[in-house]
Amino acid sequence: MLHSIDSEILFLQQEDVIKAGLLDMKHVLATVEKTYELMGKGLIKNPPKVRTRIPDDEDWQSFFNSMPCYIGGDVNIAGIKWAAESKKNAHTPGIPYGIDITILSDPETVLPFCILDGTLITAMRTSAVGGLLAKYTAPSHTETAALVGAGVIGQTMIMAVCEAIPTLKTIYLCDLDLPKAEAVAAEYQSKYDVEIIPTSDSKAAALKSQLIVTETTARKPFVDQSWLTPGCGLVSMASNEVELDVVRAADVICIDYWKQMITYNGKAVAQLYEMGELTQDGVSELGDLVLGNKSGRTSDDQFVFATSMGIGALDIMVGYELYKKASEMGIGTKVKLWDKPLWE
Ligand SMILES: NC(=O)c1ccc[n+]([C@@H]2O[C@H](COP(=O)([O-])OP(=O)(O)OC[C@H]3O[C@@H](n4cnc5c(N)ncnc54)[C@H](O)[C@@H]3O)[C@@H](O)[C@H]2O)c1
């Protein structure tokens with residue numbers, strides 16, 4: 001199919017990506033790890049995302065991010081994720097906070113060959129990155145974790161940490177909205193051999209945990225040093241969650257992608273870079289961690305901090321896996337850009 005000049009596009013709506021196996025967290029974790037391996041080897045072109053915030057950068061109500069990439073090596077596809085979030089959606093039943101579309105293109109003919117709902121891909125791949133970061137961040141034999149934020153990413157984070165940290169016995173699922181945390185905990189309790197305890201007291205949960213993962217829509221930092229216990233690991237998946245002193249206190253800092261991270265002043269790492277307190281040498285990027293070129297945690301008494309912003313290459317890699325599976329299974333809807341292009 002690739003390199004054909006046929007303009008056919010396979011459209012995969014959310015129900016199709018589920019049928020094609022997207023909810024298999026083990027597989028998504030492996031795909032995410034492979035993405036960072038290719039990234040670490042320099043085989044992925046992934047320019048920092050371009051953001052359009054509405055009505056303005058300071059007081060945005062919604063935003064659209066453009067996240068293009070080219071993946072080389074044995075994959076050889078291009079693509080883009082068009083990612084959006086809306087504060088209004090957070091309070092509107094029936095619509096997710098974040099909504100995304102993923103487009104896969106042939107790098108030679110430049111024809112798009114698959115368009116997928118990217119909303120669930122985002123949730124699965126984001127939490128898989130959280131799970132991967134947790135592996136380099138959590139102390140050995142981690143049995144307790146506090147997951148702060150029981151929204152969409154919070155749900156998939158339960159799947160990711162259970163897969164990535166097999167020693168886990170207890171998860172405190174924290175949210176300002178306690179009934180929400182209770183409902184999610186009840187839903188996931190039967191799926192994993194881990195006790196899931198809902199709570200609205202995130203700090204108390206963090207103080208009882210060896211691993212803390214935050215995935216909230218907080219607009220101001222709420223995690224300060226008083227949340228940390230000796231030797232704990234903290235993974236922050238969103239912006240504006242941690243005070244600068246938390247990052248300053250870290251013995252090891254793991255991030256997904258330095259070049260992009262420093263473009264975003266909502267991230268504590270970017271602020272410390274701007275202030276001249278942190279350089280690329282002071283962090284371990286996921287590509288280097290996966291390849292073993294740099295280390296995450298090296299002893300159980302370190303405080304390790306990790307954070308991510310997400311790269312389009314993850315969505316394209318996961319989307320391509322789904323495209324291949326859906327094609328094999330004969331699912332999805334075929335559409336065309338044209339029968340015959342008017343001008344060529
Ligand atoms: N790093 C990445 O690649 C990446 C990708 C996608 C989304 N995100 C980020 O993840 C975050 C969560 O997204 P979502 O789709 O799950 O949103 P969501 O609206 O579904 O859930 C967010 C939850 O956080 C809770 N919350 C907000 N402030 C809190 C606080 N101070 N303490 C405890 N709970 C709090 C809310 O009550 C809500 O239940 C967003 O900030 C989003 O931008 C990151």
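Being a predicted model, the structure only gives us computed values, none of them experimental. Read the numbers this way: they start at 1 and go in the same order the structure lists the ligands and their atoms.
Formation of a donor-acceptor pair under 3.5 Å by the Q210 side chain with backbone atoms of T144 is found in this model. Put simply, the side chain of S236 gets close to the backbone of A238: a donor and an acceptor are under 3.5 Å apart.
By the 3.5 Å distance cut-off applied to N or O atoms, S202 is not counted among the residues near ligand 1. Taking distance alone, with nitrogen or oxygen atoms compared against 3.5 Å, Y97 stays at or beyond that limit from ligand 1. Below 3.5 Å of separation, one finds an N or O of M237 facing an N or O of ligand 1. Where the criterion is an N or O separation shorter than 3.5 Å, residue side chain and backbone included, V152 meets it with respect to ligand 1.
Of all protein heavy atoms, the one lying nearest to atom 9 (C) of ligand 1 is A238 CB, 4.0 Å. Residue, atom and distance of the protein heavy atom nearest to atom 32 (N) of ligand 1 are L176 CG, 3.6 Å. When hydrogens are left out, the protein atom nearest atom 41 (O) of ligand 1 is T216 O, 2.7 Å; that is the closest non-hydrogen contact. The protein heavy-atom contact nearest to atom 4 (C) of ligand 1 is T126 CG2, 3.5 Å. Here the protein heavy atom with the shortest distance to atom 43 (O) of ligand 1 is E85 OE1, 2.9 Å. Scanning the protein heavy atoms around atom 14 (P) of ligand 1, the nearest turns out to be I153 CG1, 3.6 Å. Residue, atom and distance of the protein heavy atom nearest to atom 37 (O) of ligand 1 are D175 OD1, 2.6 Å. E215 O, 3.5 Å is the protein heavy atom nearest to atom 12 (C) of ligand 1.
Between Y192 and Y188, the ring planes lie parallel to each other; the angle is under 30°, not in the 30° to 60° tilted range. Classification of the F64-W82 ring pair by plane angle, with boundaries at 30° and 60°, yields parallel.
Between the side chains of S299 and D301, at least one donor-acceptor pair of N or O atoms lies under 3.5 Å. In this structure, a donor-acceptor pair under 3.5 Å is absent between the side chains of D315 and T102. In this structure, a donor-acceptor pair under 3.5 Å is absent between the side chains of T333 and Q13. Using modelled atom types and a 3.5 Å distance limit, the side chains of N76 and Y70 yield a donor-acceptor pair.
Judged by the shortest distance from any of its heavy atoms, E241 lies outside the 4.0 Å radius around the atoms of ligand 1. Remark: distances from the non-hydrogen atoms of G98 to ligand 1 are all 4.0 Å or more.
One hydrophobic cluster, built from ILVMFWY side chains closer than 4.5 Å, cannot hold both L272 and V304; they sit in different ones.
At a heavy-atom cutoff of 4.0 Å, ligand 1 is contacted by the side chain of T122 but not by its backbone. Of the heavy atoms in K203, none comes closer than 4.0 Å to ligand 1. Using a 4.0 Å cut-off between heavy atoms, M309 contacts ligand 1 through its backbone alone, with no side-chain atom that close.
Checked for salt-bridge contact, D6 and K336 meet the test: a charged N lies under 4.0 Å from a carboxylate O.
Short contacts between ligand 1 and R125, defined as distances under 4.0 Å to a heavy atom of the residue, involve ligand atoms 3 (O), 5 (C). Each of the following atoms of ligand 1 lies closer than 4.0 Å to a heavy atom of G310: 3 (O). Listed by number with element, the atoms of ligand 1 under 4.0 angstrom from any heavy atom of F222 are 31 (N). Listed by atom number, the atoms of ligand 1 under 4.0 Å from K180 heavy atoms are 38 (C), 39 (O).
The cationic group of K324 lies under 6.0 Å from the six-membered ring centre of Y320 and within 45° of the ring axis, placing it in a cation-pi geometry.
The nearest non-hydrogen atom to atom 21 (O) of ligand 1, considering only A123, G151, S127, comes from G151.
Annotation: the span from D177 atom CG to E182 atom CD amounts to 9.5 Å, rounded to 0.5 Å.
When each of I255, L228, T137, V269 is paired with F305, the side chain to side chain contact (heavy atoms under 4.5 Å, CB included) condition holds for V269 and for no other.
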